[in-house]
Protein chains: 2
Amino acid sequence: MAVTIKDVAQLAGVSPSTVSRTCKDHPSISEETKEKVRQAMQKLGYEPNFQASNLASQNSRTIGIVLPPSARETYENSFYLEAIRGISSFCNQKQYINTVVTGNTEEELLSVIKTMSRSGQVDGFIVLYSKQDDIVINHLYNEGFLYVLIGKAYQNINQTIYIDNDNILAAQEATEHLIKQGHKKIAYLGGDNSLMFSADRRAGYQLALTINGITINPKYCQELPFKQKDQIKAIKELLTSDERPSAIVVCDDILAFTLEDICEELKLSIPEDIAIVSFNNSLIAKLATPKLTSIDVNSYQLGIESASQMINHIENPNLMATKIIVPHHLEVRESSVFHREEKEESATF
Amino acid sequence: MAVTIKDVAQLAGVSPSTVSRTCKDHPSISEETKEKVRQAMQKLGYEPNFQASNLASQNSRTIGIVLPPSARETYENSFYLEAIRGISSFCNQKQYINTVVTGNTEEELLSVIKTMSRSGQVDGFIVLYSKQDDIVINHLYNEGFLYVLIGKAYQNINQTIYIDNDNILAAQEATEHLIKQGHKKIAYLGGDNSLMFSADRRAGYQLALTINGITINPKYCQELPFKQKDQIKAIKELLTSDERPSAIVVCDDILAFTLEDICEELKLSIPEDIAIVSFNNSLIAKLATPKLTSIDVNSYQLGIESASQMINHIENPNLMATKIIVPHHLEVRESSVFHREEKEESATF
DNA sequence: TGAATCAGTGCAAACGTTTGCGCAAAAATC
DNA sequence: GATTTTTGCGCAAACGTTTGCACTGATTCA
């Protein structure tokens, strides 16, 4: 049997409550006694029992991580694992535990989440996506259960805690980067606009055009269908139309990669005929030919910050619902700039 | 305050112990009473308190998931998230919790693991890699703590539970697939051979050659350095040498992708000059041009099986250390076969 | 000098389960 | 009908913490 608080108390010649208070560094214990207790803990290799501690203090020190209910391809995006790693790393430091919950459908997810919250398995959920009218998010909100969103909240904005990039600004910068290269016919390829990041990036793109006095061409602003076949068809149509754009902002590296393929097929050279900027700065952006200019959203940091906020709110229930914006940065590579020198950073990979 | 076992007991007119036993479907409670209790539970929306239950039964119903301590690039491999999703999904069903632990160095990992096991935060660890002389794995073994490896065990093989593909067979099949296409000069590009999967794939490659009466050329069998720059250099040397191979088995899609790039640079066409088979069947394999023939290792299933084994061993401590082999399959695409028709499955993506 | 304050500790009751054991009542045995 | 066995359930003691409250001895204040 593992060493308990009583063993430590006995060895140190104090009561269990004194040991407990020493662990918490309670001010009403004298430094002298604390030292004595600490020595005993050290000697016995004491580690407080997680379950007992949680039961007594009526919490779980556990954070649920909710993956979006999606097709397998979605998870190929390294964003999710990086966010999870950020969360984990912070949790590990703070002696918290995290549990990822995943499901194929929204309903499946919801049912797991319901039992988890009712059984006190978790203190709160970090939801790794933000989507309009999502039943999971709505449920959490309606139940008043603690949750934080990665991505911008869609409704109840002032009451929900979220961690996000400034996707509008990011897309604006991406677009302005292209404008600076002399482009005027700039298109945007996005995904499902009920996902907040996609909608925001589109907004940023449009904002940049407006600010720079470029009129918005609706044909240039596309919400692509989910199926890859249809995506390809839509992209081809765009690229072979009379008003072919000379530059494209793409909401994701994977999609941008597909775009590069299509360009090659259509004998359009990048960045001469079509310049490209995309998002996520994943490995694929570095491996693509030509290498993709991409916006790094710091997904690991998004994870860290969301865990930090979560724990903060668990331990201080009356905190306001704050928002955190994690900085992004534009990683310029070959797909958007003519005659670019081989840069050291891309070379070291 | 949430509804407890006492509330249910009161409503059903029985004692708390009867409620508890009903939950466990204990045989010594009459079906009649059970039904009464179940109705009460239903009515109150009772969900057993996770912490209390764990404390009383002296376990944690929590599984730690150990990511390898690596550079960021490693995690771009979708293998890890898929494995985690498999584990999570199984845990969610079984009312278990999982917590991923990650660290930049082996020491960091080890220290987290130590406190986790001592504080009873987890019942066991699923280690998502298998490596020679790894201090984490060694620690777990020496402490006699429950763990299961994804990948083949390196030592204490009969005492450790592991879930793996038959990587030897997989690599053998990959190689024989190339042999069937008429290739005789076949090379193998692997990574760090202290990682078991890499060593096994090499072994399978060599086995296939031997069986088919092809002498092994040491130059053809490479353990590539970690840095991408050096990798590229080594590959280029191989491809420009006098004895240039006509086909290559590559231990990972990402590396194979890089190989394709180099081939293009050297004006070698795929699969005519160089045929390629790789591993993991990730998105990148489907997006590459030409599309990569790749071995799918069913990482999600590896996750499921490892969680299943883990829970089985948690609940039955005296079980033997079994091994589970998850099937793989070869997904044939353009990189290994001449004049391949566009297949439906690749088209649907 | 006596009352009031305070710092430092311990007592014991939670927290919500699980489970060994005991005890009735019912069933089986003779 | 008396004895034993079985069935079904409840009692109460764990499990290892946390924490409100009480208590003691020392210090301060008037």
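Note on naming: letters A, B, ... go to the chains in the order of the sequence lines (proteins, then strands), and numbering restarts at 1 for each one. Everything numeric here is computed off the predicted structure, so don't read it as measured data.
Contact annotation: B/Q58 side-chain N/O to D/dG16 OP1/OP2 distance is under 4.0 Å. OP1 and OP2 of D/dG16 both lie 4.0 Å or more from every side-chain N or O belonging to A/K6.
The CD atom of A/E31 sits 11 Å away from the P atom of C/dT9 (whole-angstrom rounding). Per the geometry, CD belonging to A/Q51 stands 15 Å off P belonging to C/dG16, to the nearest Å. Atom NZ in B/K36 sits about 13 Å away from atom C1' in D/dG10, given to the nearest Å. Atoms NZ (B/K24) and P (C/dG16) sit 16 Å apart, rounded to a whole Å. Taking atom CD on B/E35 and atom C1' on D/dG8, their separation rounds to 17 Å, with Å as the unit. Here D/dC15 presents its C1' atom at 15 Å from CG of B/D123, a figure rounded to the nearest Å. When rounded to the nearest whole Å, the span between CG of A/N59 and C1' of C/dG16 equals 14 Å. Per the geometry, NE2 belonging to B/H26 stands 8 Å off P belonging to C/dT19, to the nearest Å.
Side-chain proximity of A/T33 to the nucleotides D/dT18, C/dT18, C/dG8 is greatest for C/dG8. Across D/dG10, D/dT18, C/dT18, the shortest atom-to-atom separation from the side chain of A/I5 is found for D/dT18. Taking the side chain of B/S17 as heavy atoms from C-beta on, and the options C/dT19, C/dC11, C/dT17, the nearest nucleotide is C/dT19.
Between the B/H313 side chain and the B/M320 main chain, a donor and an acceptor come within less than 3.5 Å of each other.
Residue contacts shown for A/S30 are limited to sugar-phosphate atoms, with no base heavy atom under 4.0 Å away. Within 4.0 Å of A/S20, counting heavy atoms only, lies at least one base atom of the nucleic acid. A/F50 comes within contact range of no nucleotide atom at all, as no heavy-atom separation falls under 4.0 Å.
Judged by distance alone with a 3.5 Å cut-off, no donor-acceptor contact links the side chain of B/R21 to the base of D/dG8.
Residue-environment remark: CD (B/E47) exceeds the threshold of 12 foreign heavy atoms within 6.0 Å.
Contact record, A/F79 with A/S299: CD1-CB, 3.5 Å, taken as the closest heavy-atom pair.
A salt bridge links B/E76 with B/R72; the closest basic N to acidic carboxylate O contact falls under 4.0 Å.
Summary of the strand contacts: B/P16 and A/C23 both lie near DNA chain D, and taking for each the nucleotide with the nearest heavy atom, the more 5' one is attributed to B/P16. Across the interface with DNA chain D, nearest-nucleotide mapping of B/S15 and B/L55 shows B/S15 to be the residue nearer the 5′ end.
In this pair, A/Y75 and A/Y80 present their aromatic rings perpendicular. The plane angle is above 60°, beyond the 30 to 60° band.
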